Amino acid sequence: MSDKCEQAQAYFKEGYNCSQSVALAFCEEIGIDQTKLLRMVSSFGGGMGRMREVCGAVSGMFFVAGALYGYDQPKDLTAKKEHYARIQELAARFKAETGTIICRELLGLDGKDHSPVPSQRTPEYYKKRPCGEMIGLAARIMETYIKEN
């Protein structure tokens, strides 16, 4: 297990959401204030505000990729294309191991629960949810990508 994988999973067990857990593991590399980072990615937990869309761990991974490698010139189409290709590659790596980047599919849910109320973090929660594994996977993929690039 990679260092970032372990860090991200530990943050999740502290109560941070999926996206926060992944992003927080790379806070030092990103070079941003921890509080600011946590607030910036807080919306992505639960598959975008608990709507069960794109997995929060994947969104956290994409956030890290953007912070480290993203483009900032709107007319730089080459940089934009390269970054979108990077994001698609990261998504493909995640999908290769899970089959999807969609939260509700990873959780085996039908998508009908639209309550904004987060689930209680009990021992049973951690046992039945694959979220910790998904967080670890996203952090490992991002860590590998950084080492490769």
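Worth knowing before you read on, the calculation uses all heavy atoms, side chains too, and leaves out hydrogens, waters and symmetry mates. Since we're looking at a predicted model, the values are computed, not measured.
Among Q7, K147, E143, the one residue that satisfies the side chain to side chain donor-acceptor pair (under 3.5 Å) test with S2 is E143.
For the pair V64/E29, no side-chain contact is recorded, criterion being any heavy-atom separation below 4.5 Å from C-beta on. Proximity of R50 to P116: side-chain heavy atoms (C-beta onward) are nowhere separated by under 4.5 Å. Looking only at side-chain heavy atoms (C-beta outward), M48 and S59 come within less than 4.5 Å of each other. At least one side-chain heavy atom of M142 sits under 4.5 Å from a side-chain heavy atom of L90. With a 4.5 Å cut-off on side-chain heavy atoms, C131 and L107 count as touching. No side-chain heavy atom of L37 sits less than 4.5 Å from a side-chain heavy atom of F26.
Remark: side-chain polar atoms of K4 are not paired, donor with acceptor, to backbone N or O of A139 under 3.5 angstrom. No donor-acceptor pair under 3.5 Å is formed between the side chain of E105 and the backbone N or O of T100.
Comment: R93 engages E148 in a salt bridge, judged by a side-chain N to carboxylate O separation of less than 4.0 angstrom. In summary, R140 and E97 engage in a salt bridge, as defined by a charged side-chain N under 4.0 Å from a carboxylate O. Salt-bridge formation is detected for the pair E53/R104: a Lys NZ or Arg NE/NH1/NH2 atom is positioned less than 4.0 Å from an Asp or Glu carboxylate oxygen.
To the nearest 0.5 Å, atoms NE2 (H83) and NZ (K80) are separated by 11.0 Å. Annotation: the span from E124 atom CD to R129 atom CZ amounts to 12.5 Å, rounded to 0.5 Å. Separation of atoms CD (Q20) and CE (M40) is listed at 12.5 Å; rounding is to 0.5 Å. Here Y71 contributes atom OH and T78 contributes atom OG1; the two are 12.5 Å apart, rounded to the nearest 0.5 Å. Atom CE of M134 and atom CG of L106 lie 5.5 Å apart (nearest 0.5 Å). Separating the SG atom in C27 from the NZ atom in K36 is a distance of 11.5 Å, to the nearest 0.5 Å.
L109 and I135 fall into different hydrophobic clusters, defined by Ile, Leu, Val, Met, Phe, Trp and Tyr side-chain heavy atoms under 4.5 Å apart, directly or through other members.
Of all heavy-atom pairs spanning I87 and A65, the tightest one is CD1-CB, 3.8 Å. Of all the heavy atoms in G45 and S19, the pair that sits closest is N-CB, 4.2 Å. A57 approaches A138 most closely through the heavy-atom pair O-CB, 3.5 Å. Across all non-hydrogen atoms, the minimal contact from S21 to A8 is CB-O, 3.4 Å.
The six-membered or imidazole ring of F44 lies away from that of F62, with a centre-to-centre distance of 6.0 Å or more.
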Would you check, one step at a time, whether the test side-chain contact (heavy atoms from CB on, under 4.5 Å) holds for Q120 with Y125? CA-CA 7 Å; Q120 291 293 318; Y125 171 92; over 6 Å; no
Test ring pair (Phe, Tyr, Trp, His ring centres under 6.0 Å) applied to Y145 and Y69, step by step: CA-CA 11 Å; Y145 187 86; Y69 306 107; 5.5 Å; yes
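A cation-pi arrangement is present between R121 and F12, with the terminal nitrogen or guanidinium carbon under 6.0 Å from the aromatic centre and inside a 45° cone about the axis.
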